[in-house]
Every structure is written in structure tokens, then in C-alpha cells.
Amino acid sequence: VQEYVKLLKFAGQAKNLAEGKRIHREIETSSFSSDKFLSDHLIDMYGKCGSVHEARAAFEQSKQRNWNSWNVIISAFAQNRHFHDAMFAFERMPKRDAISWTTMLKAYAKAGELKEAVNLFDNMLKRDDVAWNNMLAAYAQEGNLCKALLTFDLMPQWTVVSWNTLISGYLEHGCADEATKLFDQMPEETVVSKTVKFRASAQAGNIHAARSIFESMTERDVVAWNAMISTYGENGSSDEAKKLFDRARERNVISWTSLVTAFTLGGQIDRATGAFKRMPGHDSASWNFLITAYAQTGQDTESKRLFDELPMKD
RNA sequence: CGGAUGCCGCGU
């Protein structure tokens, strides 16, 4: 069972619908076909792969539907911007826990329905850290930094995530000075904080400062590596991007797409194509990127040819 | 009890 859970999660992260379906079929012929954990993971996998219809089907057909399944299906609806379905399910579900409320809160924020989000938040009986952070993030993304700061001050607990959320909000809306002050005040920094920090330096045009923050990091995850690679790419330094890419010990689709981007922006479309071909797996974003790149450099025929080669058009 | 779904940073 746990093996299948891992496989489904992996397919979901990679948004690999074909692989997900394959595992689904394999599960159905196995002895775990009606496992109560697996059925929820199936719904989640379809949601993450962008297939709302199959997520819904998995939910409705599940013999093992429980109150967790409702949370999973709401999350699937929300991730795919089916907000009315999410709302409908939320109202119909037999039992709502902290996660149900917060998932719905995030859905409203994502839909741009800030008032509904606030309303939901106010009606919550118990607000945990994640609920507070979601409310904070909703204000921060909206650009309502006053409300964001107010929410931050009212929070019963400050975690690294709340600090990161607030700082990202300030950075996103051009308040770099405030962000710097907050960085100095926060008690601890994680990989995420450091990544936010060096991205901010880079966006301010100080790529050397960004690099030294990156090099000073004791732990770097794949996102940190990718962020540094795309920073050099945006800067036109495709050679430096390539060097970092080679140094990275963990790579995913985004790392490869960032490298392709770096070559494209550096005007080396042939090297970009080469990297694209060497990629172990392509998702729709990487295809879109290269097609757009060709179109923008005026190579419409190449762009069209790639489009025709697309295995999945969404 | 355990499993599972919700918050912050990377390419489109």
C-alpha cells in the first residue's frame, strides 16, 4: 500500500496523468483495490494532474469514502479553479475540520474573493497556524499590506512560515526596505527564507549579493538551486547557469526548463533545443516555453512543428 | 493510535 501511495504522490507531483492512470489500473487489479487510504490518494493524484473529471469520478465511485475524502476533493476542485464545485462540496460535506475550512479559505483567496475569505475566517471556530497564515497570505497577495501586517500582529503564534509569507508580500509589492527590516527581525531562517532573500537581491539587480547568500546556505534544496539557475538565466549568463545546473545534485523538470530558458534568453536557441531533448521528462510548461521561444524569435515553422509533436494539448 | 488532505520560495 505504501509503495502505491508513493507512486501516486510522485505521479501527482510530476503531473503525469498517464503514469497516474497506469498505477490506478495496477491498483484495481491488485488486492488493495478498495483500500481506504489509496482511494483518497487516487482522488488527490487526479486533482494534481489537473483532471477534475477523474478526481470526481474517483470520489464518487469510492467505496471507502470518509470525511477525509471530502477534504481531498475540495482541494482538487480548488487547485483546478472549480470554485463553485468546491463551495458546493464544502456545504454538503458531513463534517468539517480545520483543514476543510482552510482549504476553502484558500480557494476564495485564489478566486479573488477576499471578502468571502475574510467572512469564512471570521466564522471559523478554531483557527490554527495554517489558517492564520492563509489569511495573512490572502491579504499579502492582494497587496493589502496594512491588513497583512495587522493579521500578523494578531496571530497567536509566529512561525517561520508566517514571517516568510509577510516578507514575500512586502517584496512582491515593491517594499524592499520593509522586507529587509523584517528579515533582520525574524528569529530563524530556513531554506525558504534564504531563497526569498537571494531572489530579492537578484531582482534588485545585485546578482553578486544573491550568489553569496546562495553560497552561504548550509542546506540547499532543489528549489534553491532552480532559483539560482533562473536568476543567471534572466541575467543572460547562460554559462554560469549551466555550471550551476551541473553542480546541482538534485534536478527536476523545473531545473531543466530553467536551463532551457537560460539558453533561450542568452540567444542560444540551438543549445536550448539540445537541453530540451535531453530532458528526462517534459511537462506542458516546458513544451509551452520552447514553442513560445521559437515563435518569439520568428521561427514560426519550428514553433508549429513542435506544437504538432505535443503529446498532450491542454 | 497511525495514514491522508490545507500555509511561504523556482520554469509556463
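Sequence lines set the chain letters: A, B, ... in the order given, protein chains first and strands last, and positions in each chain run from 1.
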Atom [atom1] of [X]: over 12 foreign heavy atoms under 6.0 Å:
{"X": "Leu125(A)", "atom1": "CG", "answer": "no"}
{"X": "Glu3(A)", "atom1": "CD", "answer": "no"}
{"X": "Glu60(A)", "atom1": "CD", "answer": "yes"}

Report the distance from atom [atom1] of [X] to atom [atom2] of [N], rounded to the nearest whole Å.
{"X": "Ile254(A)", "N": "rG9(B)", "atom1": "CD1", "atom2": "P", "result": "12 Å"}
{"X": "Asp40(A)", "N": "rG3(B)", "atom1": "CG", "atom2": "P", "result": "14 Å"}
{"X": "Ile167(A)", "N": "rC7(B)", "atom1": "CD1", "atom2": "C1'", "result": "15 Å"}
{"X": "Phe37(A)", "N": "rC1(B)", "atom1": "CZ", "atom2": "C1'", "result": "11 Å"}
{"X": "Asp44(A)", "N": "rG3(B)", "atom1": "CG", "atom2": "P", "result": "16 Å"}
{"X": "Phe32(A)", "N": "rA4(B)", "atom1": "CZ", "atom2": "P", "result": "16 Å"}
{"X": "Tyr4(A)", "N": "rA4(B)", "atom1": "OH", "atom2": "P", "result": "18 Å"}
{"X": "Leu8(A)", "N": "rU5(B)", "atom1": "CG", "atom2": "C1'", "result": "14 Å"}

Would you indicate which nucleotide in [options] comes nearest to any side-chain atom of [X]?
{"X": "Val192(A)", "options": "rC7(B), rU12(B), rG9(B)", "value": "rG9(B)"}
{"X": "Thr102(A)", "options": "rG9(B), rG6(B), rG3(B)", "value": "rG6(B)"}
{"X": "Val130(A)", "options": "rU12(B), rG9(B), rG6(B)", "value": "rG6(B)"}
{"X": "Lys48(A)", "options": "rG11(B), rU5(B), rC8(B)", "value": "rU5(B)"}
{"X": "Ala137(A)", "options": "rU5(B), rC7(B), rG11(B)", "value": "rC7(B)"}

Just wondering, do Phe90(A) and Leu120(A) contact through their side chains at under 4.5 Å, heavy atoms? yes
Please tell me if the side chains of Val160(A) and Val192(A) come closer than 4.5 Å, counting only heavy atoms from C-beta onward. no
Under a single-linkage definition using a 4.5 Å side-chain heavy-atom cutoff for Ile, Leu, Val, Met, Phe, Trp and Tyr, are Ile167(A) and Ile213(A) assigned to the same hydrophobic cluster? no
Cluster overlap Leu265(A) with Phe263(A), hydrophobic side-chain contacts below 4.5 Å: no
Which residues in residues 140-165 of chain A have a heavy atom closer than 4.0 Å to any atom of RNA chain B? Val161(A), Asn164(A), Thr165(A)
Short of 4.0 Å, heavy atom to strand atom, which residues of residues 64-87 of chain A count as contacting RNA chain B? Asn68(A), Asn71(A), Val72(A), Ser75(A)
With no hydrogens and no angle check, do the side chains of Ser303(A) and Asp300(A) hold a donor and an acceptor under 3.5 Å apart? no
Taking donor-acceptor contacts at under 3.5 Å, does the side chain of [X] reach the base of [N]?
{"X": "Asn134(A)", "N": "rC7(B)", "answer": "no"}
{"X": "Asn226(A)", "N": "rG9(B)", "answer": "no"}
{"X": "Thr195(A)", "N": "rG9(B)", "answer": "yes"}
{"X": "Asp128(A)", "N": "rG6(B)", "answer": "yes"}

Looking at Lys9(A), does any N or O in its side chain come under 4.0 Å of the phosphate oxygens OP1/OP2 on rU5(B)? yes
Are Lys95(A) and rU5(B) close enough that a side-chain N or O sits under 4.0 Å from OP1 or OP2? no
Is there a side-chain contact (heavy atoms from CB on, under 4.5 Å) between Trp101(A) and Lys126(A) once you walk through the steps? CA-CA 10 Å; Trp101(A) 285 87; Lys126(A) 292 203 172 185; over 6 Å; no
Name the nucleic acid region contacted by Asp283(A), choosing base, sugar-phosphate or nothing; use a 4.0 angstrom heavy-atom cut-off, strictly under. base
His24(A) (side chain) donor-acceptor with Gly20(A) (main chain) under 3.5 angstrom: no
